[in-house]
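Small disclaimer: the values here were computed from a predicted structure and weren't measured.
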Amino acid sequence: MAYERVLLGMGNPLLDISAVVDDEFLTKYDIKSNNAILAEDKHLPMYDEMASKSNVEYIAGGATQNSIRVAQWMLQVPDATSYIGSIGKDKFGEEMKKNSKLAGVNVQYYEDDKAPTGTCAVCVVGGERSLVANLSAANCYKSEHLKQPENWALVEKAKYFYIAGFFLTVSPESIQLVAEHAAANNKVFMMNLSAPFICEFFKDVQEKALPYMDYVFGNETEARTFSRVHGWETDNVEEIAIKISQLPKASGAHKRITVITQGADPVVVAQDGKVKLYPVILLPKEKLVDTNGAGDAFVGGFLSQLVQEKPMEDCVRAGCYAANVVIQRSGCTYPEKPDFH
């Protein structure tokens, strides 16, 4: 099988500003541990405060972009992946372009000349991360860019599509265009629940995209929020995973599969009304650097095997491997070559 541009991601490219902070910092800016939110006015001063810390790191991020970078790294096949999103015409944007090219991802950024490149504050306390995204230019993506012949060519070339739920807040019409293309052409369309606030406050756009989703990814907190928002009255992650997999589908070509990670607990995979649990690779606490990008890395590893049409257990194993590598490093970064077999 030819892997050239087989996987396309669309999302919010953000430059991660990552720093180790303390509980006081979280309290000061009203941030919950291990959460992911969009920045409000009260959060804006924290970006400068974090940038002034001696341990600050800048890493090309954004959930979908992380997953696509990890998939590219795991595949080790030139030009296997593509990515679309919006950045600003500034030094952070240049940094992002440089980073992505080094990662081997074929990026087609829309460059907005008014808004700065989006940033994400990654506040690390005791290895756990909290994310506060200031979308800025990422919020300016327009479906017109997607429809340009050179960009739409990437859609036509790809056989697999992955979009984090965060992009629902930016360009639901772009998501719909790709989703309908995938359904009409027997391709695989995948999304992530991404964060509790997406399930709560963007329920309508999420529901519009749901029938097209062949794979739904998420973690246990997001799954439980999804269940509550849909009035399912169950907190049982396995039950929720089955229910999500059985929601109506727009195309009968692929049955929906739900994949829910639960930190150190087994990965839940629901398909055909049944659940299978896959153990994760346990890591001693002293080796944990930070959990930022763990979920994104899991998806990236999973996708690297899926596009090769490997069985489910290989996909999950690769996801667990990639997540395990990333949580032993700062941010969503990885060594030069994977040693996954």
Side-chain angles (χ1 to χ4, degrees), residues 1-9 64 66-78 80-82 157-164 182-183 185-193 212-220 223 237-247 249 251-283 294-327 334 337-341:
M1 178 174 168
Y3 294 121
E4 192 197 351
R5 303 190 178 179
V6 67
L7 172 63
L8 172 64
T64 307
N66 284 343
S67 296
I68 297 296
R69 274 177 34 239
V70 169
Q72 178 64 46
W73 169 68
M74 290 281 289
L75 278 161
Q76 293 288 309
V77 174
T81 61
S82 307
K157 182 90 174 149
K159 294 187 172 65
Y160 294 83
F161 302 96
Y162 174 69
I163 303 173
N185 294 278
N186 199 3
K187 296 177 176 186
V188 178
F189 180 79
M190 303 170 275
M191 285 193 74
N192 202 309
L193 300 177
Y212 296 93
M213 296 181 203
D214 299 309
Y215 283 79
V216 174
F217 295 93
N219 66 27
E220 75 278 35
V237 173
E238 294 176 35
E239 275 179 45
I240 297 165
I242 288 179
K243 279 176 159 305
I244 291 174
S245 72
Q246 292 174 333
L247 289 167
K249 285 281 281 74
S251 123
H254 307 283
K255 290 179 176 170
R256 184 181 300 111
I257 297 175
T258 317
V259 183
I260 307 292
T261 57
Q262 314 185 82
D265 292 328
V267 178
V268 175
V269 177
Q271 58 178 332
D272 288 327
K274 292 192 278 292
V275 155
K276 209 164 168 190
L277 300 178
Y278 295 87
V280 301
I281 308 162
L282 293 175
L283 186 73
D296 303 337
F298 173 86
V299 173
F302 187 102
L303 296 178
S304 74
Q305 305 307 298
L306 186 69
V307 302
Q308 299 180 70
E309 297 177 4
K310 294 281 175 68
M312 178 60 71
E313 61 191 295
D314 289 2
C315 296
V316 176
R317 214 161 47 81
C320 293
Y321 163 80
N324 188 267
V325 168
V326 162
I327 61 177
Y334 35 78
K337 290 264 195 301
D339 62 356
F340 174 78
H341 306 293

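- Residues D214 and K255 are not paired through a salt bridge, judged by the lack of any N-O separation under 4.0 Å between the basic side chain and the carboxylate.
- Atom CG of L306 sits about 5.0 Å away from atom SG of C315, to the nearest 0.5 Å.
- Under the 4.5 Å side-chain criterion, counting only non-hydrogen atoms from C-beta, Q262 is in contact with V268.
- When ring centroids are compared, F340 and Y321 come within the 6.0 Å threshold.
- Panel note: side chain Q76, backbone Q72; no donor-acceptor pair is recorded below 3.5 Å.
- For Y162 and Y215, the gap between ring centers reaches or exceeds 6.0 Å.
- Side-chain atoms of S245 do not come within 3.5 Å of backbone N or O of T258 as any donor-acceptor pair.
- The two residues L303 and A71 make their nearest non-hydrogen contact at CB-CB, 4.4 Å.
- Expressed to the nearest 0.5 Å, how far NE2 of H254 lies from CE of M213 amounts to 15.0 Å.
- Closest heavy-atom contact between S304 and A318: OG-CB, 4.3 Å.
- Between the CG atom in L8 and the CD1 atom in I68 there is a gap of 7.0 Å [rounded to 0.5 Å].
- Taking every heavy atom of both residues into account, R256 and L247 meet most closely at NH1-O, 2.8 Å.
- Closest heavy-atom contact between S67 and V299: OG-CB, 3.7 Å.
- By the 4.5 Å heavy-atom criterion applied to side chains, Y212 and M191 are not counted as neighbours.
- Looking only at side-chain heavy atoms (C-beta outward), V316 and D314 stay at 4.5 Å or farther from each other.
- Shortest non-hydrogen contact noted between N186 and A253 is OD1-CB, 3.1 Å.
- With contacts defined as side-chain heavy-atom distances shorter than 4.5 Å, the pair V259/F298 qualifies.
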Dump the intermediate steps for side-chain contact (heavy atoms from CB on, under 4.5 Å) on V188 and F161, then the final yes or no. CA-CA 6 Å; V188 178; F161 302 96; over 6 Å; no
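- Between I242 and V275, the closest side-chain pair of non-hydrogen atoms falls below 4.5 Å.
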In sequence, state the C-alpha distance, the side-chain angles, and the governing distance for Y278 and V269, and then conclude on side-chain contact (heavy atoms from CB on, under 4.5 Å). CA-CA 8 Å; Y278 295 87; V269 177; 3.6 Å; yes
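- Heavy-atom minimum distance, C320 versus P279: SG-O, 4.1 Å.
- The NZ atom of K187 lies 13.0 Å from the OG atom of S251; values are rounded to the nearest 0.5 Å.
- Proximity of M312 to I257: side-chain heavy atoms (C-beta onward) are separated by under 4.5 Å at one or more points.
- Within the 4.5 Å cutoff, side-chain heavy atoms of I240 are placed close to those of I244.
- Residues V325 and W73 form a side-chain contact, since some pair of their non-hydrogen atoms from C-beta on lies under 4.5 Å apart.
- Here the straight-line distance linking atom CG of L7 with atom NZ of K157 works out to 13.5 Å at 0.5 Å rounding.
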For a ring pair (Phe, Tyr, Trp, His ring centres under 6.0 Å) check, start with the C-alpha distance between Y160 and F189, then their side-chain angles and the critical distance, and finish with the verdict. CA-CA 6 Å; Y160 294 83; F189 180 79; over 10 Å; no
What's the verdict on side-chain contact (heavy atoms from CB on, under 4.5 Å) for V267 and I260, showing C-alpha distance, side-chain angles and the deciding distance? CA-CA 6 Å; V267 178; I260 307 292; over 6 Å; no
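- With values rounded to the nearest 0.5 angstrom, K310 atom NZ is found 9.0 Å from R317 atom CZ.
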